[in-house]
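Down below is the structure, laid out as structure tokens.
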Number of protein chains: 2
Amino acid sequence: MKLQNIRLAVDAIIFGFSEGNLYVLLIQQKFGTNKLQWALPGGLVQNEETLNEAVLRELAEETGVKINYLEQLYTFGDKLDRDHRNRVVSVAYFGLVDSSKIIVKPDTDALHAEWIALDEIPKLAFDHNQMVKLAFQRLQNKLTYQPIGFDLLPKEFQFSELENLYCTILHREIDRRNFRKKILSFGIIEETDKILLKGAGRPSRLFRFNKKKYRELEKEGIIFEI
Amino acid sequence: MKLQNIRLAVDAIIFGFSEGNLYVLLIQQKFGTNKLQWALPGGLVQNEETLNEAVLRELAEETGVKINYLEQLYTFGDKLDRDHRNRVVSVAYFGLVDSSKIIVKPDTDALHAEWIALDEIPKLAFDHNQMVKLAFQRLQNKLTYQPIGFDLLPKEFQFSELENLYCTILHREIDRRNFRKKILSFGIIEETDKILLKGAGRPSRLFRFNKKKYRELEKEGIIFEI
DNA sequence: ACAAAAGTGTTAATCTTACACCCATGT
DNA sequence: ACATGGGTGTAAGATTAACACTTTTGT
């Protein structure tokens with residue numbers, strides 16, 4: 001058999017939620033063959049690092065963003081001609097950050113990173129558009145059966161933010177009363193004693209997600225489901 | 001950066017169900033460093049084939065089994081010392097066959113393939129035990145929200161076989177009446193006019209899964225859930 | 001006639017959905 | 001006083017869960 005000539009890369013689809021909009025973290029290369037084309041952060045895996053480490057390193061190097069949640073999404077390796085004479089198989093990771101960590105690294109000489117609204121994503125390099133699409137599907141699914149929405153929000157958040165997050169990402173109407181009832185019934189979020197007072201309208205209480213509590217309840221077989 | 005020295009492989013975790021037991025397809029190498037150690041079917045990806053093609057090829061070469069269902073499971077690449085000086089990252093695939101296709105290839109000079117009951121699987125090569133574990137979790141989950149159980153049964157099956165499959169794999173009791181009601185309510189399985197008469201007990205009608213119907217209903221937003 | 005496996009309905013309990021008004025603040 | 005956004009409860013409907021006897025065959 002011919003010697004294997006395949007390179008292994010990782011790519012990250014990182015979502016952020018801010019002011020009712022969902023964003024994806026993208027980078028733009030200033031030089032090279034893909035000059036000025038947008039792409040997902042990512043790159044070749046080094047010999048001595050795990051796949052996870054590779055993603056985290058690339059994210060740090062290219063964007064500076066610290067993520068709250070990361071999981072492997074899918075391995076893309078079917079486009080044989082993706083990069084002529086240089087077959088690359090890429091392990092895509094799916095991640096979430098909250099808006100407090102949404103500040104990106106200042107431009108370097110070679111790279112520019114930015115949050116782009118999901119529905120304004122241009123044609124990306126390689127099969128990255130497909131990756132974003134799959135990642136978004138995963139986000140939608142996961143949101144309904146795991147409490148990952150909290151990883152897109154600040155530590156302390158208003159109930160209306162959570163509600164807004166769900167109805168933005170799932171593209172569906174949500175009944176405020178039923179939603180609150182259900183979320184509270186899991187016993188995984190707790191009231192803080194802070195009241196947020198901003199602009200017109202009644203001030204809102206801030207809540208906090210209790211991850212430890214969730215882990216315990218999970219073990220006891222409790223099922224989160226929206 | 002040092003030249004990348006990573007090899008890419010695929011491995012397949014294939015489940016079969018027969019007489020109330022769940023089996024995994026394993027192979028045993030007769031020579032080499034892993035002589036007589038059991039392992040999952042799999043091997044290095046060739047330069048000109050997709051990952052899917054690679055799995056199917058390896059399965060054909062090593063076991064001869066024709067599968068009904070196949071999907072990518074997870075990419076394992078964290079054990080850096082998995083094979084000293086030869087780092088291998090492996091894309092694991094998860095598959096199902098029905099018992100009519102459960103016959104394996106006769107032994108070749110180098111290989112022996114066999115169906116081993118899930119709870120009798122020995123220590124396998126590399127991180128293959130971990131792969132089996134993850135694949136089984138996937139099977140359990142998927143069984144509850146996608147009609148993949150049918151891919152483990154013959155085309156025409158008794159209701160009791162289906163019921164037995166669910167309660168074996170999910171390790172839980174199932175109420176026959178409620179189960180039948182629910183499954184039938186989806187409208188995705190149909191009666192055949194065949195009655196199976198075997199041994200003592202009332203003969204049972206055979207049913208058939210209508211995949212086309214399921215695809216249609218799926219588009220209309222129907223949700224399969226046990 | 002007895003053992004074995006398949007087939008079948010009803011009722012209570014739970015969960016889900018739909019729905020509208022009051023509250024606390026800013027202007 | 002009016003606009004804005006936050007907070008709250010109830011009742012009807014749908015779904016799920018619990019439960020036991022009859023049917024058809026082989027021996």
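Atom CG of B:L196 and atom C1' of D:dG26 are 14 Å apart (whole Å). Rounded to whole Å, the distance from CD on A:E173 to P on C:dT17 is 14 Å. Across the protein-nucleic acid pair, A:R180 atom CZ and D:dG6 atom P stand 10 Å apart, rounded to whole Å. Separating the CZ atom of A:F179 from the P atom of D:dG7 is a distance of 13 Å, rounded to the nearest angstrom. D:dT25 atom P lies 12 Å from atom CZ of B:R205, rounded to whole Å. With rounding to whole Å, A:L206 atom CG is found 12 Å from D:dG6 atom C1'. Summarising the geometry, the separation between CG on B:N164 and C1' on C:dA6 is reported as 14 Å, rounded to the nearest angstrom. The CG atom of B:L162 sits 14 Å away from the C1' atom of C:dA6 (whole-angstrom rounding).
Checked by atom type, the side-chain pair A:H128/A:Q130 shows no donor-acceptor distance below 3.5 Å.
No donor-acceptor pair under 3.5 Å is formed between the side chain of A:Y74 and the backbone N or O of B:Q72. B:E218 places no side-chain N or O within donor-acceptor distance of the main-chain N or O of B:I223, the cut-off being under 3.5 Å.
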Practice problem: Start with the C-alpha distance between A:F179 and A:Y166, add both sets of side-chain angles, then the distance that settles ring pair (Phe, Tyr, Trp, His ring centres under 6.0 Å), and finish with yes or no. | Solution: CA-CA 10 Å; A:F179 180 75; A:Y166 271 85; 5.5 Å; yes

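Looking at B:E114 and B:Q28, their side chains never come closer than 4.5 Å, going by heavy atoms from C-beta outward. Within the 4.5 Å cutoff, no side-chain heavy atoms of A:V10 are placed close to those of A:S90. The shortest side-chain heavy-atom distance between B:E61 and B:R57 falls under the 4.5 Å cut-off. Inter-residue side-chain proximity for A:L152 and A:V97 is flagged as unmet; no heavy-atom pair is nearer than 4.5 Å. Using a 4.5 Å cut-off on side-chain heavy atoms (C-beta onward), B:F207 and B:F159 make contact.
Take A:F157 and apply the ring pair (Phe, Tyr, Trp, His ring centres under 6.0 Å) test, not counting sequence neighbours, and it matches A:F150.
In summary, of the residues considered (B:L118, B:L73, B:I148), a side-chain contact (heavy atoms from CB on, under 4.5 Å) with B:L139 occurs for B:I148 alone.
Between A:I27 atom CD1 and A:E58 atom CD the span is 8.0 Å, to the nearest 0.5 Å.
Using a 4.0 Å cut-off on heavy atoms, the residues of residues 149-161 of chain B that approach DNA chain C are B:Q158, B:S160, listed by number. DNA chain C lies under 4.0 Å from no heavy atom of any residue of residues 139-147 of chain A. In the region residues 218-226 of chain A, proximity to DNA chain C at under 4.0 angstrom, judged on heavy atoms, holds for none of the residues.
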Give the table of side-chain donor-acceptor pairs shorter than 3.5 Å for residues 62-69 of chain A, with sequence neighbours excluded, one pair per line with atom names and distance.
unit_1, atom_1, unit_2, atom_2, d
A:E62, OE1, A:G42, N, 3.0
A:T63, OG1, A:L59, O, 2.7
A:T63, OG1, A:V65, N, 3.2
A:N68, OD1, A:K101, NZ, 2.7
A:N68, ND2, A:D98, OD2, 2.7
A:N68, ND2, A:D151, O, 3.0
A:Y69, OH, A:E71, OE1, 2.5

Self-check item: nucleotides 18-26 of chain C: protein proximity per nucleotide (B base, S sugar-phosphate only, - neither; heavy atom, under 4.0 Å)
Solution: BBB--BBBS

